[in-house]
Chemist: 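Just passing along the structure, written as structure tokens.
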Amino acid sequence: MAERRVFSRIGFKAQAWLVDAGGRHHRGLVRDLSLHGALVAVEDDWVGQNGDEFELLLDLDGHGQRIVMQGRQRHHHGTCIGLECQRMDIDSAAHLRRLVELNLGDDALLQRQFAQLVDED
């Protein structure tokens with residue numbers, strides 16, 4: 001059975017940091033984002049395990065606008081991990097919503113995805 005994505009991914013390449021539970025910072029490269037998480041390229045020696053919690057710090061403009069997402073590693077394939085969003089602050093959610101909105105170009109689709117996100121809680 002094919003996987004059916006509920007949340008649209010948008011291609012978004014940007015440097016980011018993953019902060020682990022011990023406060024250690026790991027450099028990453030965000031490959032794509034959705035309202036539900038991110039795909040992040042990590043170093044070859046990545047030691048994170050599925051289920052580990054991380055904070056994703058993604059600077060958007062170099063002037064203080066950023067997305068801060070607390071999440072859990074869901075998978076690790078090759079040099080990429082899938083980070084499932086667990087929570088984020090309101091400013092980060094607004095920035096992410098705007099990014100998705102600009103890339104989807106379909107307000108009705110965006111509204112359905114937000115409704116799905118709320119229904120999951």
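All values derive from a computational prediction rather than experimental measurement.
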Chemist: Is it the case that one hydrophobic cluster holds both L58 and L39, taking links as side-chain heavy atoms less than 4.5 Å apart, direct or via other members?
Modeler: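 No; tracing contacts between hydrophobic side chains, which count when under 4.5 Å, never links both residues.
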Chemist: Mind listing the closest non-hydrogen atom pair of I67 and L60 along with its distance?
Modeler: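 For I67 versus L60, the nearest heavy atoms are CG1-CD1, 4.0 Å.
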Chemist: Return the minimal non-hydrogen interatomic distance between L35 and C85, and the atom names on each side.
Modeler: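 For L35 and C85, the tightest heavy-atom pair comes out as O-CB, 4.4 Å.
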Chemist: If you group Ile, Leu, Val, Met, Phe, Trp and Tyr by side-chain heavy-atom gaps below 4.5 Å, do V40 and F54 land in one group?
Modeler: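 Yes, one cluster joins them.
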Chemist: Could you tell me which non-hydrogen atom of C80 sits nearest to which non-hydrogen atom of R31, and how far apart they are?
Modeler: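 So the minimum-distance heavy-atom pair works out to SG-CG, 4.4 Å.
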Chemist: Do you know the tightest heavy-atom contact between V30 and A16?
Modeler: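 Heavy atoms only, the tightest pair is CG2-CB, 3.8 Å.
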Chemist: Rounded to the nearest 0.5 Å, what separation is found between the CZ atom of R87 and the OG atom of S92?
Modeler: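 R87 atom CZ to S92 atom OG measures 12.5 Å (nearest 0.5 Å).
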Chemist: Once you round to the nearest 0.5 Å, how far does CD1 of I81 lie from CD of Q49?
Modeler: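 These two atoms lie 11.0 Å from each other.
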Chemist: Roughly how far apart are E84 CD and S34 OG, rounded to 0.5 Å?
Modeler: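 That separation rounds to 9.5 Å.
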Chemist: With rounding to the nearest 0.5 Å, note down the distance linking NE2 in H77 to OG1 in T79.
Modeler: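 Answer for the NE2-OG1 pair, H77 versus T79, is 11.5 Å.
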Chemist: What salt bridge (charged side-chain N to carboxylate O under 4.0 Å, His left out) pairs are there with at least one residue in residues 40-60, not counting sequence neighbours?
Modeler: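 Non-adjacent pairs meeting salt bridge (charged side-chain N to carboxylate O under 4.0 Å, His left out): zero.
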Chemist: Below 4.5 Å, heavy atoms only, C-beta onward: do Q73 and H75 meet side chain to side chain?
Modeler: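 No, their side chains stay 4.5 Å or more apart.
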Chemist: Check whether any side-chain heavy atom of H95 lies under 4.5 Å from a side-chain heavy atom of R66, and answer yes or no.
Modeler: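 Counting from C-beta outward, H95 and R66 never come under 4.5 Å.
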Chemist: Less than 4.5 Å apart, side chain to side chain, heavy atoms only: is that true for L29 and Q15?
Modeler: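 A side-chain contact under 4.5 Å exists here.
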Chemist: From L96 CG over to M69 CE, what is the distance, rounded to the nearest 0.5 angstrom?
Modeler: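 Between atom CG of L96 and atom CE of M69 there are 5.5 Å.
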Chemist: Given a cutoff of under 4.5 Å between side-chain heavy atoms of I, L, V, M, F, W and Y, with clusters grown through shared members, what are the other residues clustered with V19?
Modeler: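 Its cluster mates, by chain and number, are W17, L57, V68.
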Chemist: Hey, what do you get for NE2 (H36) to CG (L33), rounding to the nearest 0.5 Å?
Modeler: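 Between atom NE2 of H36 and atom CG of L33 there are 13.5 Å.
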Chemist: Quick one: does H76's side chain have a donor or acceptor within less than 3.5 Å of a partner on G78's backbone?
Modeler: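 Yes; judged by distance alone, with no hydrogens or angles, the pair exists.
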